[in-house]
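Everything below concerns the one structure shown next.
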Amino acid sequence: MRELGIGDLARRVGMRPSALRYYESIGLLPPAGRVAGRRVYPVGAVRRIALIKMAQRARFTLAEIRQLLDTTADRGATRQWRALAERKLPELDRFLQETQALRNAVADCLACGCMNFDSCQLLSSSPAGDAA
């Protein structure tokens, strides 16, 4: 089995070695092997970290990701994934709605063109002329 030193793995996945050590300490990565006192990881760690990053982008917490990756629950992994995903979907829907609203606000500000943030009506939470 081919192995990667922690520095090589960090470069490959675009992370700092300290983040990899942290992931290991909280159980997201299995304990690294040691060669001449240096941490080494199996090449499969690249794929595992890709999964972790994807789950983070999907707004899963590290605790939820650890639960998904828990190899002691192999038989229930599919059920576990389904339950977590079903709970996560409404949160993702809210996030998408909030992101779309922010995008629309930025587009409205660009369309306004005033670029005067102190007096722009689009940024005001009260009607014009009211004291803040």
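Please read these numbers as outputs of a predicted model, since none were measured by experiment.
Annotation: the span from Ile52 atom CD1 to Met15 atom CE amounts to 7.5 Å, rounded to 0.5 Å. In this structure, CD in Glu64 is found 11.0 Å from CZ in Arg59, a value given to the nearest 0.5 Å.
Side-chain N or O atoms of Lys88 include none that pairs as donor or acceptor with a backbone N or O of Ala83 at under 3.5 Å. Under the 3.5 Å distance criterion, the side-chain polar atoms of Arg16 are left unmatched by any main-chain donor or acceptor of Ala10.
Here the closest heavy-atom approach between residue Val35 and residue Glu3 is recorded as CG2-OE1, 3.9 Å. Residue Ile49 comes nearest to Leu20 through the heavy atom pair CD1-CD2, 3.4 Å, listed as atom of the first residue, atom of the second, then distance. Scanning both residues, Tyr41 and Ala45, for their nearest heavy atoms gives CB-CB, 4.0 Å.
Two residues are said to be in side-chain contact when any heavy atoms from C-beta on lie closer than 4.5 Å; Arg34 and Val40 fail this criterion. A 4.5 Å side-chain heavy-atom check between Val13 and Leu9 finds at least one atom pair inside the cut-off.
Following chains of ILVMFWY side-chain contacts shorter than 4.5 Å, one can reach Leu29 starting from Leu51, so the two form part of one hydrophobic cluster.
Asp93 and Gln97 form no side-chain donor-acceptor contact under 3.5 Å, judged by distance and modelled atom types alone.
Salt bridge status for Arg21 with Glu24: absent, with no side-chain N to carboxylate O gap under 4.0 Å.
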